[in-house]
2 protein chains.
Amino acid sequence: MTRLAGSSKLLRAMNASAALGHLLEAGGLTRADLRKLTQLSTPTISEVLRRLTEAGLVTVVGYHSGRPGPNAEIYAANPDAAYAAAVSVRDIGASGAPSVVAALCDLTGAERARIERRIDFLRTDPKTALVEVVADLREEAGVAAEGIHHVQLGVAGSYDSRAQTIRHVDVPGFSRPGLVPEIAAALGTRVGVDNDVNLAAVAERRHGVGTDADGFALIWLGQEGLGLAIDIGGTLLRGARGGAGEIGYMPLYAPDSTHRKVDLQDLVGGAAVLALGRDHGVPGRTPLEVVQAAAADPEAGEFFTELADRVSVGLAAVIAVLDPSLVVLAGPVAQAGGQTLLAAVTTAVRRAAPLESAIAVTTIDDDAVLLGALDAGLTAVREALIASIRDDQA
Amino acid sequence: MTRLAGSSKLLRAMNASAALGHLLEAGGLTRADLRKLTQLSTPTISEVLRRLTEAGLVTVVGYHSGRPGPNAEIYAANPDAAYAAAVSVRDIGASGAPSVVAALCDLTGAERARIERRIDFLRTDPKTALVEVVADLREEAGVAAEGIHHVQLGVAGSYDSRAQTIRHVDVPGFSRPGLVPEIAAALGTRVGVDNDVNLAAVAERRHGVGTDADGFALIWLGQEGLGLAIDIGGTLLRGARGGAGEIGYMPLYAPDSTHRKVDLQDLVGGAAVLALGRDHGVPGRTPLEVVQAAAADPEAGEFFTELADRVSVGLAAVIAVLDPSLVVLAGPVAQAGGQTLLAAVTTAVRRAAPLESAIAVTTIDDDAVLLGALDAGLTAVREALIASIRDDQA
DNA sequence: CGAGGTGATTGGCAATCTGGCTAACAATTA
DNA sequence: TAATTGTTAGCCAGATTGCCAATCACCTCG
């Protein structure tokens, strides 16, 4: 129910927004294309494009030849009108210092720079480190300081956007209240923070197997913990305090008190995968190595059956609560398990869950968290641009 | 991201919609009030009100005196511009025939008629029965046939809105594919169908404890089964096939295979409550009677502790997946349990769940499902009215 | 094989229409 | 008298239709 009222200025802003929105989404459009999409008349489209071009948001990128008549100009959003940066902070556990991967993309989503480095956050202040990483990204891509409109941060923890605080995070220094606003002030951009699994779901929605789904649940089987992201029609469900999907803490029911209290993390977390490997004689020093070894070993069916049984415990609860049309298995362990794990999980879930959700393995080979963070940052930049048009003209 | 474009006609429609929306929500407003709310100028407001009045959607309901100047006219949406009907179909189990409760309200939400009757759907076709009930409602309220714009149906089952089919429903005849479109055709109105628990959540959002929550999960402890409704910022999460919240089928983890497979329904469904009452020496022939007896008995603490433990098993999973800011206990069993049950569940959930969600008991005394269905129907009518304005003027 | 005609398409200009705004004004009541 | 309501008149912004020149592909004819 739009409760929007206004005069002709609002119209102009709406039409400009609509045109820019279409250009951002489709990439390159002629006036005729825009006419069909917006249902506006030729002079209006011309006027809108003239204004957008003057504002530097839109440029002519080519000509459409091969048909009768003059070559139609192809307009597209100016790639250099704004940039988005993404930083993924990962705690890679006992094996080394936390790792930071960062990238920068232009308004069309093309990646312009990428940096990967190890930073010891016990010695380095997060704010300082992040500002430096972003500055290096800018330099590598040759982008001016004010070109970056949004920096998206991805962490293995939950972000309480109301309190602007990161919670349940293992990387030192990141849980300090007030950190995020300080980073935003130091960078001079808007800063978004989100859970790494949520960002992986964003990537899955845009580039992966979730493209056409009207909603999906993504379960992340990581080296350490596990997580869940819930996509509903393209928007993520974050919960009251950003804690939605923290299924690692989900307690499991024990029919009698002889069993100690266990949660899902105990069942399918990294330690559990290691132990499971030991029980089935699968070698490997890390969970990833164990699953990789099992995937290469045709005799390891038992291992996958039991792992799948455990995964299906969590999935059954998720499916009963959410009824997703699609469940995506993602994360290093899931990727290493591949089709073997998928088949085993599918069988186990069919047995356990009442509703038939499709199940798939992620199709993203690159760093899903980083890609998702770039996408999230890009979306934020685009929305801000569209909003700024509305406000400028009002 | 509004991708809306258009010309001055769109403006007209938007402004009319906005005004009608405010009038529907606030009840009675003067021109000056509307000016402040919509930011439109005096002549525009006059023009909009003139058109709305001519269309019969708005009337003058009074005058605002006591201040200098002429008495300002108070406008309000015409209560008789459209009506919504709601029908709640309940299977009351072995104790009798299914029961139907229906009500009719005007555009302001005032209830104009209510009917309660028992219908044996083994003998009566659902379509015939529903058409008759709606006709009786119209007669009791003195409303013309074309006055009802929307009929909202509530059933204990899930509604697949894509297939327009009711699933998982116990009442005979209601699961037949094609039934809902046929009813709509026979009634000559639009027909909405939703799960009874979802509708109870709608009522909770509008009249109950969920009014100010930005989202909540409502767990329904019924005489027979249990259910869950998920409200996210006022919209309900329904899932891919309308099956979200069917937590009765949620399988519970068994650490070893010596225990038979149990689901949540086995743990907190009506039969389980009866059995629990027997174990603790609480009298009663129905689950409701058992809980009522326990609530009256100060010695029944044990009963509530165990019931709450079981409820918290489901709630812990729900909280881990969704992180709701509020959990509402509703349904006959929860209502009978009252503050005693609430206290016990709060204790149990604090122990089991990692996140601290507030927990409350429903504050709706009347038939929550029926109220929710009325609200849902009313919302649909209002949205249709606003949309029709837009289309008329286009 | 080349040149010119034909038709479709692009994009700009002028005139018109719709709708909202400001300003002035009559009417009414504390 | 002062404040407030609601109407009328004139104005302005923005979108639309209709018209036109320019351009390019394609076809036909010499």
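A, B, ... follow the sequence lines: proteins, then strands. Residue 1 opens every chain.
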Measure CD/B:Glu73 against P/D:dT7 and give the value in whole Å, please. 7 Å
Please list, by residue number, the residues of residues 38-50 of chain B whose heavy atoms come closer than 4.0 Å to an atom of DNA chain C; answer none if no residue qualifies. B:Leu40, B:Ser41, B:Pro43, B:Thr44
Give the rounded distance in Å between these two atoms: CZ of A:Arg12 and P of D:dG14. 4 Å
Within the supplied structure, the quantity of interest is the number of heavy atoms (other residues, nucleotides, ligands) at a distance under 6.0 Å from B:Glu139 CD; does it exceed 12? no
Looking only at side-chain N and O atoms, does B:Arg31 come under 4.0 Å of OP1 or OP2 in D:dT5? no
So A:Ser8, base contact, sugar-phosphate only, or nothing? Heavy-atom distance under 4.0 Å. sugar-phosphate
B:Thr44 side chain to B:Leu40 backbone, donor-acceptor under 3.5 Å: no
Restricting to non-hydrogen atoms, name the atom on B:Asp106 and the atom on B:Pro79 that form the minimum distance, rounded to 0.1 Å. CB-O, 3.1 Å
When the axes are fitted on five pairs at both termini, how much does the helix from C:dC1-D:dG30 to C:dA30-D:dT1 curve, in 10° steps? 0°
Which residue, A:Ala32 or A:Ser7, contacts DNA chain C at a nucleotide closer to its 5' end, judged by nearest heavy atom? A:Ala32
Return the residues of residues 62-70 of chain B meeting this criterion: a heavy atom under 4.0 Å from some atom of DNA chain D. Order them by number, or give none. B:Arg67, B:Pro68, B:Gly69, B:Pro70
Rounding to an integer number of Å, can you tell me how far B:Leu34 CG sits from D:dT5 C1'? 14 Å
Please give, in whole Å, the distance from D:dA15 P to B:Leu4 CG? 13 Å
Rounded to whole angstrom units, what separation is found between the CG atom of A:Leu10 and the P atom of C:dC21? 11 Å
Residue-phosphate contact under 4.0 Å: A:Asn15 side-chain N/O, D:dA15 OP1/OP2: yes
Donor-acceptor pair, distance only, cut-off 3.5 Å: does the side chain of A:Asn78 make one with the backbone of A:Thr59? no
In whole angstroms, the gap separating P of C:dG12 from CZ of A:Arg35 amounts to 14 Å
For the pair A:Tyr75 and A:Leu23, evaluate side-chain contact (heavy atoms from CB on, under 4.5 Å) and give the outcome as yes or no after the intermediate values. CA-CA 8 Å; A:Tyr75 287 84; A:Leu23 285 172; 4.3 Å; yes
